[in-house]
Novice: 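Pasting in a structure now, in structure tokens, and then I'll have a few things to ask.
In what follows, every chain begins at residue 1, and chains take the letters A, B, ... in the order their sequences are listed.
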Amino acid sequence: MTTQEWKFTAKDIAEKPDLFLAGHRACAGCGPATVFRMIMKATRGPTIVTEATGCMEVVSSIYPYTSWAVPWLHTAFETSASNASGIEAALKIMKKKGRLNHEHVDVIAFAGDGGTYDIGIQALSGAVERGHDFLFVLYDNEAYMNTGIQRSGGTPHGAATTTSPAGKSIPGKLEYKKPIADIMVAHNMPYVATASPYYWKDLMTKVRKGLEVEGPAFLHVFAPCPRGWRSDPAKSMEYSKLAVESCVFPVWESVNGHCQLSIPSKLISLAPQKKRPVDEYLKGQGRFRHIFKPQNKKLLVDVQRMTDARWECLLRKCGETPKTA
Amino acid sequence: MTHHNKNWKEIAPAGVCSKSSIGFLTGDWKTYTPVRDPEKCTRCVLCVIFCPDGAIKWHPEKNDIEFDYNFCKGCGICANQCPTNAITMRLEQESK
Amino acid sequence: MQKTVKQEMTALAGDQAVAYAVKQSDVDVVAAYPITPQTIIVEKFSEYVADGEVETEFVCVESEHSAMAASIAASATGARAFTATASAGLALMHEMLFVASGCRTPVVMAVANRALSAPLNIHGDHSDSMAQRDSGWIQLYAENSQEAYDSIIQAFRIAENLDVLLPVMVGLDGFTLSHTLENVETLPEEAVKEFVGVRKFPNVLTHNGKTAPFKLDPANPMTMGPIALQNYYFEFKRQQEEGMEHAVNVIQEVNNEYAKISGRSYGNGLVEKYCLEDAEVAAICLGSTAGTMKTVVDDLRQEGIKAGLLRLRTFRPLPVEEIRSALANVKALAVMDKCMSFGGNGGPVFHEFRHLFYDAAKRPYIVNYIYGLGGRDTSPRELRSIYETLQGILQTGCVEKPIQYLGLRG
């Protein structure tokens, strides 16, 4: 089945049985849990999943219980991509030797921001360079949530975490979020995309594309964490929407190096007045509360400045002309 | 929720899980319970798609959705995202 | 012993012998990263791949950590997986070694034993693999290139045995074996393939209530490598120990069976006894040192000295009973360590031997010799001095210096 054939209507998706099963122990309102359900519903056939140590690994595999309806392997924190390499290599040779009972098996590697931006980036870069046929999914909740909300390379500028607290002299994380998807594009890999679960159809279509492409695919998914962001659990999908509308997390894809905006972000590029100021996205999240204090006004300005600069850079990459609202 | 912990000779090697989490009910975590007004509900199934816990089921044969309170953790995403405000979150004792 | 299979004599360095054994063993996935003195293994194997001589996926990974992660994952998927490393590479794998044994993935690994930094040193000692003592891996140490070849083939049978299901590392001394040409008798490929067979899987109960072969297969989904907490982690560790206990027998069985096709065996597979029957003074060592040590023992025997040698081929599982019975009549024993256990009151092998004699009926005097670190050469003369010291202990009835450094200046 190809992406074109599969309709992705809401009811088709709702009807499809979960492969990431209920009874997992993610927090109420967990963004990544929604992301995982969607991604597993977008798979196309026999699939093996491997996952880095992290929240979603832990909540879905507390022995003797498992939330995985597909074969699943966890080994360590930094090994999601290297595990995928081994699985893919094994499938390839076993098929050649007639020891595989399937025509094709998809391989998906999940990792959080820690397992991707930081400790897992070497294994990821290596696996992509070697060209293994697998889909790497980064579920980005923007800090080490499993160990208690420590900052990662994916934590945004200004955010308070337990290792970048908003103190009297340092107002949260000073560094900027690492442009991980751009780094992956620079690997000249066939498919790179960013997605946000509010735009579920866009996300699931990208999962399909990532699986269908031959060779490595990288999918960067925005995944709000109410616990770590000090945000209302009911608003995880709302923040997924606001992040895109404020251009804090634009959605786009790069197919063989050709970069283009996906519809939700494309609409903003066409009608810049729809681009919402970052404070609409930041407010309500406890991790950014200090930014709104008078003494941190400069920080808020800086977050907006950096968001705009990255958005304009993306527009240029996608061949769009930056317009002002 | 309790089970007899097996001894080391009785379990599969390497931690191969022996139970599906479908048998681990998380419904008792919630403070608030989603309650739907069937009149307002358009069966758009967005709540089914957005639910982190797979706790809302779509039944095509009934053309209707159903909450599975055994798993619902009461996060309120369904109520927040419902385009017609058909779902309200109520304190558990109020909803009964 | 009668040879049942016609073999070929080839001049091979230890690394080449390992690569050749892997080539013959129907290995599905090799994931490896080069490091001195293991490089020849991956180079040679790459040639086999480039020339289409093997049906193996060679994954040229970007680090040893990924080499082990990929090997574990390939093995979990049902493949026969091999890797090779040394020194810093093995140290980098450390985390994953525990995962390999904990996941019960029967990966086989050659370790071209080499010193650990700092200072940087590329030469042979056992610091690298001794530091992995408690990682849950079976450890075999080869005396020569022939044994390296034979042990790799045997390792697949040992690791994949359903009662064992543990990873195996085969140590060969860096440069002394890895880079030195020796005559190696090789079996025909068909004989090796038949010996190693096709990998089998135990049946396990999955979360679907089904019994299925223990591997990642979409036909029978199972969850491998979950989080097991206070209520179950301990049970899984006990299972691993059971695998080790079974390995004591399986290593002997495989050694015997291999002897039937090759005519070669290494003691009982666990320990090799040399002139021990009536020995009063004996040394124990691992790896290539045994070759030199045997000539020293021969010389001493000619002089009428009752000297003997025990070569420990299998370090994990430690063959406690076999060691005790082999050394039952020895009065003074020198334990050789090509490794330090800093602040530990002697080297790691010494610790093991002292501990296993604690509740033995008769206990010999035991002296520890730390030697050969960073590839420091050890001469027959120095080895001979060990036996002389042991004789002195028998005369005085006193161990003056239980821990000695052989070949160290000052």
Side-chain angles (χ1 to χ4, degrees), chain A residues 19 21 45-51 53 57-94 96-97 99-102 104-107 109 120 122-130 132, chain C residues 26-31 33 54-63 65-81 95-96 98-100 102-103 105 107 198-199 205-208 212 215-229 231-233 235-236:
Chain A
L19 297 176
L21 303 170
T47 305
I48 295 177
V49 167
T50 182
E51 192 172 356
T53 310
E57 173 262 326
V58 166
V59 302
S60 66
S61 75
I62 301 182
Y63 188 87
Y65 295 99
T66 177
S67 304
W68 291 95
V70 297
W72 179 93
L73 173 71
H74 158 259
T75 64
F77 197 178
E78 63 276 55
T79 49
S80 191
S82 41
N83 282 342
S85 309
I87 294 168
E88 190 251 13
L91 291 170
K92 216 192 241 176
I93 192 69
M94 283 159 58
K96 219 174 182 179
K97 291 184 180 177
R99 292 175 192 164
L100 190 70
N101 302 323
H102 309 274
H104 178 80
V105 178
D106 284 322
V107 180
Q122 175 183 319
L124 170 61
S125 180
V128 168
E129 182 266 333
R130 293 189 297 275
H132 294 283
Chain C
D26 190 21
V27 174
D28 298 310
V29 175
V30 172
Y33 185 81
V54 284
E55 267 202 309
T56 306
E57 271 298 305
F58 178 54
V59 189
C60 200
V61 285
E62 82 300 329
S63 74
H65 196 283
S66 288
M68 187 45 64
S71 299
I72 293 165
S75 184
T77 311
R80 176 172 289 153
E95 176 194 21
M96 300 314 293
F98 288 77
V99 179
C103 280
T105 45
V107 176
V198 175
R199 199 181 147 192
L205 182 69
T206 73
H207 59 275
N208 292 327
K215 60 177 169 177
L216 299 170
D217 179 356
N220 292 297
M222 66 180 70
T223 294
M224 292 171 75
I227 173 169
L229 297 169
N231 56 346
Y232 273 109
Y233 177 86
E235 274 66 28
F236 293 116

Novice: Of the non-hydrogen atoms in C/G225 and A/W72, which two are nearest, and what is the gap between them?
Specialist: O-CZ3, 3.8 Å

Novice: Checking heavy atoms, do the side chain of A/N101, its backbone, both or neither come under 4.5 Å from chain C?
Specialist: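 Contact with chain C involves the side chain of A/N101 alone.
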
Novice: Just so I understand: if I count every heavy-atom pair under 4.5 Å between each of C/A79, C/S75, C/A69, C/A67 and chain A, which residue has the most?
Specialist: C/A69

Novice: By side-chain hydrogen bond (donor to acceptor under 3.5 Å, both in side chains), which residues pair with A/K97, not counting sequence neighbours?
Specialist: C/D26, C/D28

Novice: Indicate yes or no: at least one non-hydrogen side-chain atom of C/Y232 is less than 4.5 angstrom from one of A/P64.
Specialist: yes

Novice: Which bit of C/L229 comes within less than 4.5 Å of chain A, counting heavy atoms only: side chain, backbone, both or neither?
Specialist: side chain

Novice: List in chain and number order the residues that pass side-chain hydrogen bond (donor to acceptor under 3.5 Å, both in side chains) with C/T77, two or more places apart in sequence or in another chain; answer none if no residue qualifies.
Specialist: none

Novice: Report the option among C/A219, C/A74, C/A81 that has the most heavy-atom pairs separated by less than 4.5 Å from atoms of chain A.
Specialist: C/A74

Novice: Just checking, is any N or O donor in the side chain of A/Q122 or C/S63 under 3.5 Å from an acceptor N or O on the other one?
Specialist: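 Yes.
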
Novice: Sort A/V70 into side chain, backbone, both or neither according to what part of it lies under 4.5 angstrom from a heavy atom of chain C.
Specialist: backbone

Novice: Before giving the answer on side-chain contact (heavy atoms from CB on, under 4.5 Å), spell out for C/M222 and A/T66 the whole-Å C-alpha distance, their side-chain angles and the decisive distance to 0.1 Å.
Specialist: CA-CA 9 Å; C/M222 66 180 70; A/T66 177; over 6 Å; no

Novice: For the OG1 atom of C/T223 and the OH atom of A/Y65, what is their distance to the nearest 0.5 Å?
Specialist: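 Between C/T223 OG1 and A/Y65 OH, I get 14.0 Å after rounding to 0.5 Å.
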
Novice: Can you tell me which portion of C/E55 sits under 4.5 Å from chain A's heavy atoms? Options are side chain, backbone, both or neither.
Specialist: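 Answer is both: backbone and side chain atoms of C/E55 are under 4.5 Å from chain A.
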
Novice: Which atoms of A/L73 come close to chain C, meaning under 4.5 Å heavy atom to heavy atom: side chain ones, backbone ones, both, or neither?
Specialist: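 Both backbone and side chain of A/L73 come within 4.5 Å of chain C.
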
Novice: Output the distance between atom OG1 (A/T47) and atom CG (C/L216), rounded to the nearest 0.5 Å.
Specialist: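 A/T47 OG1 to C/L216 CG: 12.5 Å, rounded to 0.5 Å.
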
Novice: Any chance you could measure A/L21, atom CG, to C/H207, atom NE2, to the nearest 0.5 Å?
Specialist: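 Rounded to the nearest 0.5 Å, the CG-NE2 separation comes out at 6.5 Å.
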
Novice: Would you give the length of the straight line joining atom CD1 of A/I48 to atom NZ of C/K215, rounded to the nearest 0.5 angstrom?
Specialist: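 A/I48 atom CD1 to C/K215 atom NZ measures 10.0 Å (nearest 0.5 Å).
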
Novice: So which part of C/A76 gets closer than 4.5 Å to some heavy atom of chain A, the side chain, the backbone, both or neither?
Specialist: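 For C/A76, side-chain heavy atoms alone lie under 4.5 Å from chain A.
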
Novice: Passes side-chain contact (heavy atoms from CB on, under 4.5 Å), C/M68 versus A/T75? Steps please.
Specialist: CA-CA 10 Å; C/M68 187 45 64; A/T75 64; over 6 Å; no

Novice: Any side-chain heavy-atom pair from C/V59 and A/E88 closer than 4.5 angstrom?
Specialist: no

Novice: Below 4.5 Å from any heavy atom of chain A, which atoms of C/F236 appear? Answer side chain, backbone, both or neither.
Specialist: side chain

Novice: Among the options C/P218, C/A31, C/A73, C/C60, pick out the one with the most heavy-atom pairs lying under 4.5 Å from chain A.
Specialist: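 Going by pairs under 4.5 Å, I would pick C/P218.
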
Novice: Given heavy-atom pairs under 4.5 angstrom as the criterion, report whether the side chain, backbone, both or neither of C/V30 touches chain A.
Specialist: neither

Novice: So for C/S71, is it side chain, backbone, both, or neither that comes closer than 4.5 Å to the heavy atoms of chain A?
Specialist: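 No part of it gets close to chain A.
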
Novice: Run A/R130 and C/E62 through salt bridge (charged side-chain N to carboxylate O under 4.0 Å, His left out) and show every step you take.
Specialist: CA-CA 9 Å; A/R130 293 189 297 275; C/E62 82 300 329; 2.9 Å; yes

Novice: Non-hydrogen atoms of chain C under 4.5 Å away: do they reach the side chain of A/E78, the backbone, both or neither?
Specialist: side chain

Novice: For A/A89, is it the side chain, the backbone, both or neither that has a heavy atom under 4.5 Å from a heavy atom of chain C?
Specialist: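 Looking at A/A89, backbone and side chain both touch chain C.
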
Novice: Applying side-chain contact (heavy atoms from CB on, under 4.5 Å), run through A/R99 and C/V198 and close with a yes or a no.
Specialist: CA-CA 10 Å; A/R99 292 175 192 164; C/V198 175; 4.2 Å; yes

Novice: Go through the atoms of C/T56 and report whether side chain, backbone, both or neither lie under 4.5 Å from a heavy atom of chain A.
Specialist: backbone

